[in-house]
Structure formats: structure tokens, C-alpha cells
Amino acid sequence: MADLDDQVWVSIDENQFIQGKVTSIKGTDCSVACDDVKDIQKANPPQFEKVSDMAKLTHLNEPSVLHNLKSRYQDDSIYTYSGLFLVAVNPYKSLPLYTQDIVDSYIQESIKEPHLFAVANIAYDNLIRNNKDQSILVTGESGAGKTESTKKIIQFLTAKASSNLRSLDQQILQANPLLESFGNAQTVRNDNSSRFGKFIRIEVDKAGHICGATIDWYLLEKSRIVTQNPNERNYHIFYQLLAGAPAELLSKIKLGRDPNQYNYLKNCNKSISGISDSDEFQKLVAAMSIVGFSIEEQTNIFTVLSIILHIGNIAFSEDRSGQARISNPESVRQLCTLMSVSYSKFSESLISPKVKAGREFVTQKRSASQAKFTADSVAKALYERLFATLVKRINQTLQRQGDVHHFIGVLDIAGFEIFEHNSFEQLCINYTNEKLQQFFNHHMFVLEQEEYSREQIDWNFVDYALDLQKTIGVIEGTKPIGLLSCLDEDSVMPAATDRSFTDKINSIWGSDSDEQDNAVFQPLKLKQGFQLSHYAGKVEYSTEGWLEKNKDPMTEALCELFSGSEFTFLAELFREGLLGNQTKGKRGQFRTVSQRHREQLSALMSILEATEPYFIRCIIPNNEHRAGMIDNALVLKQLRCNGVLEGIRISRSGFPNRIFYHDFQSRYKILSKKSLKGLSSKEEKSSVETNTNQRSEIFGNYV
Ligand code: ATP
Ligand code: MG
């Protein structure tokens with residue numbers, strides 16, 4: 001409760017706070033000089049205005065955190081620490097924060113202001129000092145600035161720990177335009193949205209110089225190849241290729257310039273304002289050359305893109321019996337020439353595939369829409385494999401000989417998502433974030449515990465990581481069977497449907513949830529789906545289409561057909577092991593999306609657990625992409641979802657303030673009976689101890 005004359009925050013609704021002053025207190029009643037008092041939270045004294053580390057705030061509460069971020073943002077101070085987090089608010093304008101001079105100042109540590117460079121600098125110094133791998137975890141909503149931040153961190157590291165080979169630094173930096181052309185697309189939230197997650201390890205040798213880099217990627221959005229929202233686009237590369245490639249190249253790979261000729265491009269935006277796809281293509285080709293792609297390799301890659309667009313143009317009709325037919329066989333023959341596969345085998349695999357029934361093969365009848373579905377699946381699979389090959393090829397260039405001593409890994413991955421309609425993709429993302437948050441909580445708990453033990457503070461330790469285990473158990477558990485394993489089981493059962501899968505998980509996890517309103521898992525009453533409680537909030541998932549989304553869409557016959565192609569680059573895309581998921585499961589099926597994601601995530605978590613981590617939380621200030629404007633509700637929602645407020649909750653349950661003895665003396669000297677001037681550091685410490693004998697009356701447990 002506040003005292004007389006205290007500055008306080010008064011909430012007028014969930015996301016709006018106004019400042020006020022306590023004018024009178026009678027018993028539990030309190031008057032504040034402002035209207036509509038609903039909830040009072042203490043405001044901080046004026047010396048904490050625009051503080052660069054919010055952990056230093058005397059009063060840690062939502063309005064104080066929001067107020068602090070907002071007032072700093074108005075000054076273009078977009079970076080603020082919050083205990084273990086660096087909070088970065090997207091400025092949506094170019095700020096002079098990343099010049100070589102600024103890089104140098106952070107290397108020399110002559111600037112103390114929070115910055116990505118400061119985090120990267122500490123990570124590098126700790127790598128050398130503690131002889132340990134480091135990781136920087138960047139998360140946030142779409143458009144919050146994760147990828148821009150990642151680029152800046154890598155820019156800093158290549159400057160600080162420049163390899164002896166300048167070409168390697170350049171190659172590391174130039175890998176990014178390649179990843180962005182093939183992995184980014186315009187969405188309603190972000191004109192350059194990454195549709196995959198990545199973890200880039202910058203590898204350092206014993207002398208402290210960069211000696212290589214490795215890129216791992218996660219969850220590429222394949223559905224975008226086939227369908228896009230009308231005001232979004234397919235992956236940048238398609239538009240860049242059509243707009244920027246020389247005419248001879250386009251004619252060689254059988255492409256025209258107009259995106260409207262291709263079904264996969266014609267129903268969405270064709271251009272992004274302020275961006276020239278043709279210029280971007282020139283930059284891409286330059287980057288490809290720097291990263292070591294030969295002209296032949298580049299042509300091969302572009303040919304696969306052409307193949308994908310032509311697959312999208314295959315037209316199907318049906319005969320009277322409902323059997324699918326290809327209605328533009330001439331174009332498909334050309335496509336088969338491009339792919340170097342037999343027309344009859346390819347068309348058969350789409351419209352009347354042979355499938356195994358017991359020991360025999362039988363020919364299946366396919367409708368036009370089923371055949372179209374298979375063709376789309378082939379296009380998606382091709383794109384994913386092309387992306388995997390590109391990253392693998394980049395890694396080959398970046399992995400130099402030289403002994404890797406340690407690495408700094410930078411993780412750029414989508415943050416927690418709660419949409420109106422949440423599906424399998426959101427479950428994968430939210431599961432990943434739940435694991436990352438658990439990792440953070442555990443890390444914070446360990447650090448806190450170490451600190452308290454060092455200071456011999458009597459304290460009952462609570463591991464907040466355990467809070468998240470219940471939800472994680474529902475998703476990945478085995479006893480009882482978790483959602484993902486259950487989905488895997490049903491994905492290979494011919495009779496299973498989305499409905500039967502939903503009934504099954506509801507009966508396993510939702511049986512007693514009627515009595516428990518706060519149960520982690522709850523069946524949905526009106527929709528086919530379930531509700532899961534994540535640390536960031538409750539999310540309703542709809543299970544429509546989950547079995548299909550989880551299956552690898554490529555049939556054995558199609559894989560065989562492509563791997564036998566005389567176009568060797570295409571054949572190589574179907575080599576075992578490319579996606580790390582080609583090793584078949586128990587019953588000879590391909591790995592499911594969920595299996596692959598769990599394996600990748602568990603590998604990532606083991607890597608992260610062996611590192612010293614740093615946490616960057618990017619915040620999108622408004623949904624209009626406008627500079628200088630903060631939408632309170634939007635920012636608060638993100639602070640709740642990204643664990644910043646959760647982090648504050650945890651620190652509030654411990655000792656929130658850590659003050660140096662000297663600072664303590666100067667702040668509270670008025671309470672001391674003795675003069676504190678000219679004390680040695682030892683005396684400073686003992687005088688604090690004497691003075692804090694009365695601390696329970698004066699400071700509560702703040703010191
Ligand atoms: P997604 O999840 O969709 O990939 P993201 O978090 O990676 O989103 P970015 O692509 O990094 O978001 O940023 C979106 C846009 O915001 C950028 O294209 C740029 O216009 C602007 N932006 C982000 N960070 C900065 C910055 N530090 N300075 C200037 N502009 C920025
Ligand atoms: Mg991004």
C-alpha cells in the first residue's frame with residue numbers, strides 16, 4: 001500500500017495507467033489526485049525516470065515498466081535492460097546507432113548505454129574469459145525486429161573478432177541476403193518477414209578470431225509456396241528472379257517475366273512499395289557469388305524454382321468416372337523435360353498412383369482435387385529441400401578448416417503466437433517458446449540461487465522452471481501419451497481422422513478438467529480442438545487438418561522418381577539425410593513434421609544448456625509500422641507474452657534490488673547516525689551491516 005504523498009500509478013483499464021499522488025489515507029481507503037481509481041501501483045521517484053536498467057526501479061510493476069520504455073523510446077533510446085533481458089523496441093526509422101564509431105565505442109566499452117552491441121561484447125568477452133560457448137536468444141512478435149537485431153549482432157562480432165580472412169567475414173555477412181531471399185516474404189505484419197527460425201553459430205578459434213559459422217534452421221512455412229493471403233506474397237526469390245534475371249537465363253529455365261502467368265504468384269501482391277525486386281536480384285546474385293555458388297549451381301537453383309512454378313500450373317480435369325486427367329499435357333511434358341523425369345511416370349504418380357496393398361501394388365483412382373493436392377505437396381517438398389540444400393551449401397563454405405574453440409550462437413525465432421485461429425504451426429511455435437522460457441526461468445533461478453548462497457542469505461528456493469513443465473508435459477510427454485506423440489501415431493493410421501485424434505487427446509488429457517477450471521489442458525466445447533494454458537496465456541487450438549500437416553507429403557514413388565532424375569541437382573534434393581528426417585521411422589514411413597521438430601528442438605536445447613545465455617526481447621511498438629508511436633495495449637501484451645513481466649514477477653519474489661555498498665551509503669546516508677565520508681570499501685560494508693539492523697522497519701526486504 002502506498003503512503004501519503006507517494007507517486008502512484010492508477011489503472012483506468014487493463015492497459016492504461018495514469019500517474020497520481022496520494023492525498024489522504026484513512027485505514028485501507030486511499031485518495032489519489034486523479035479519477036476512476038481501480039488499482040494503485042507505486043510509481044518510482046523522479047531519479048528513476050528513463051532508467052536504463054529496469055531492475056533498478058524501486059517499484060517493479062507493469063505501469064512503471066511501460067512508462068519507462070515509452071519515455072526512453074521518445075528519446076530514441078530503443079534499448080533498455082530489464083534484469084537479464086535486453087528489451088529492444090523497433091524504432092521503425094533509421095537511427096545512427098550502428099556506425100563503425102559506435103561499434104568501436106562498445107568494443108572499448110566507452111559507452112555504457114544498453115545496446116545489442118553491449119550484449120554481443122559481453123558474450124564475446126565471456127567466451128574468452130570463461131572458456132565457454134555463448135548464446136544470444138532473440139525473440140519477439142513478427143515485425144518486432146529480431147532479424148534486424150541478429151544482423152547487427154553479427155555485424156558487431158565480425159568487427160570485434162574479425163577473422164584473419166576478410167573473405168570469411170564477408171561470406172558470413174552475405175549469407176543473410178541469401179537466406180532472406182529464399183526464407184522471407186511479405187506478410188501483413190512485416191514486408192520482410194522470416195518464415196523460418198534460425199540459429200547461427202559464429203565460431204571462434206583459440207586466438208579469439210572468427211574461424212567459421214554454422215546455420216541451423218527450423219520450421220520453414222511451406223504452405224506459402226502454394227497459397228498466400230491476397231495482401232501478402234510468396235517468397236521474395238520468385239519475384240526477384242522474374243524481375244531481375246537476364247532474358248537468356250529466363251528463357252533457358254523456361255520462365256516468363258510476368259508473375260500473373262503462375263498460379264502460385266498470381267493471387268497475391270506482386271510488389272512491395274519501396275523495394276525493387278530487380279535490384280534485390282542483383283544483390284542476391286552478388287551474395288551468391290561471394291558465398292561461393294558457381295554460375296552452374298545458381299542456374300540449377302533457379303531451374304528448381306521454375307519447376308515449382310510450373311508444377312503450380314498443372315491443370316487437372318476429371319472424366320465421367322471421376323478419374324483425374326491432366327488437361328495441359330504439353331506444358332507438363334515441358335516440365336518433365338526440365339525435371340528430366342519420364343512424363344508417363346510423373347503423371348501417373350499424380351493421377352493414378354500405384355500403392356502397396358499387402359504384397360501387391362494396386363492402382364488408386366484420384367479425383368482432380370486429390371491430384372492437385374499431390375502436385376502442391378510436391379512443390380512444397382521441393383522448395384523445402386531446395387532451402388535445406390542452400391543452407392547446407394552455405395555451411396560448407398562457412399565451415400573453414402581451423403580448429404573451432406568456442407562459438408557464440410544467435411537464435412532468431414518467432415515468439416509466442418496467440419491468434420484468433422491457432423493451428424498446428426502455432427502449437428509448434430508456442431511449444432518452442434515454452435521450452436525457451438523454461439530455459440530462461442531455470443537460468444535465472446540458478447543465477448539467483450548462486451548469488452544468494454554467495455551472500456549467505458537464508459532463502460527458500462523455488463525453481464520457476466517447474467511452473468512450465470506441466471504444459472510441456474502435455475505436449476511432448478510419453479506417459480500418458482502427449483499431444484505430439486498421439487498425433488504421430490494417428491498420422492500413420494489409415495482410419496484416423498482429425499476428429500478421432502481430437503477425441504483421443506480429449507479423453508486422455510481432458511477427462512477430469514471439468515472440475516478444474518485451471519487445468520492446463522481443456523477440451524473445447526463448441527469447436528474441434530482444445531485449449532492449452534501456456535505461460536503467456538490460454539490458447540485455443542483448432543485441430544482441423546493436423547494429420548495432413550504432420551505427414552511428410554512425399555510418397556515413396558515420387559521420391560524414387562525424382563532421385564532417379566538425370567538432372568543431378570534435382571536428384572540430390574531427394575538424397576537421404578538432407579532434411580535430417582529422411583531416415584525412415586519404425587514402419588518404413590518418413591519422419592513426421594512433429595518428430596523432426598522435436599528432435600531439432602531437443603538438439604537446440606542441449607546446445608543452449610551448455611552455453612552462457614543472453615536474452616533479447618524485441619517489441620513491436622504499433623501495428624501501423626510507424627516511428628515514434630507506442631500502443632500501450634500492444635506493448636503490454638508483448639511484455640506479458642515474452643516473459644519480461646514474468647521475469648519481474650520472479651525477481652519480486654526474491655530480493656529485487658542489488659545496490660553497491662557505496663551507492664547504498666549515498667542513497668540512505670540521511671538515516672545513518674555516523675558520518676560515512678572517506679570510508680574504505682571494507683568499512684563501507686560493515687557500516688551498511690550496522691545500519692541495516694533496523695532494515696526491516698525502514699526498508700522491508702529491499703536491501
Ligand atoms: P518476423 O518474425 O516477421 O521475421 P522480425 O522480428 O524478424 O519479424 P524484422 O524483419 O527484423 O522483424 O523487422 C521488421 C522491420 O522493422 C524491418 O524491416 C525494419 O524496417 C524495421 N526495423 C527493425 N529493427 C530496426 C532497427 N533496429 N532500426 C531500424 N528499423 C528497424
Ligand atoms: Mg525475421
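Atoms within each ligand, like the ligands themselves, are counted from 1 in listed order.
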Consider ligand 1: state whether an atom of it lies below 4.0 angstrom from any non-hydrogen atom of [X].
X    : result
N90  : yes
K93  : yes
G140 : no
P91  : yes

So if I count the atoms of ligand 1 from 1 in the order they appear, which ones are less than 4.0 Å from some heavy atom of [X]?
X    : value
S193 : 1 (P), 3 (O), 4 (O)
Y92  : 16 (O)
S194 : 1 (P), 3 (O), 4 (O)
E141 : 6 (O)
N192 : 10 (O)

Is there a polar contact between ligand 1 and D412, counting only N or O atoms under 3.5 Å apart? no
Ligand 1 N/O within reach of Y98 N/O, cut-off under 3.5 Å: yes
Is a salt bridge present between [X] and [Y], judged by a nitrogen-to-oxygen distance below 4.0 Å?
X    : Y    : answer
E148 : K152 : yes
D277 : R233 : yes
E180 : K151 : yes
E425 : R195 : no
R72  : E113 : yes
D412 : K198 : yes

The one among K151, E148, E417, R189 that brings a heavy atom closest to atom 18 (O) of ligand 1: E148
For atom 9 (P) of ligand 1, which candidate among A627, A414, G145 holds the nearest heavy atom? G145
Do T592 and R596 have side-chain N/O donor and acceptor atoms under 3.5 Å apart? no
When you compare the side chains of N192 and H236, does any donor N or O come within less than 3.5 Å of an acceptor on the partner? yes
Count of N, O or S atoms belonging to protein, less than 2.8 Å from the Mg ion (ligand 2): 2
Between [X] and [Y], ring centroids under 6.0 Å:
X    : Y    : value
F182 : F387 : no
H421 : F419 : no
F615 : Y81  : no

What is the closest protein heavy atom to [atom], and at what distance does it sit?
atom                    : result
atom 7 (O) of ligand 1  : T147 OG1, 2.8 Å
atom 8 (O) of ligand 1  : G143 N, 2.8 Å
atom 10 (O) of ligand 1 : N190 ND2, 3.1 Å
atom 2 (O) of ligand 1  : K146 NZ, 2.7 Å

Quiz item: cation-pi between [X] and [Y], 6.0 Å / 45°:
X    : Y    : answer
R393 : F293 : yes
R617 : F85  : no
K549 : F424 : no

State whether any protein heavy atom lies less than 4.0 Å from atom 20 (O) of ligand 1. no
Under a 3.5 Å distance rule, please check whether R257 uses its side chain to pair with a backbone N or O of L242 as donor and acceptor. yes
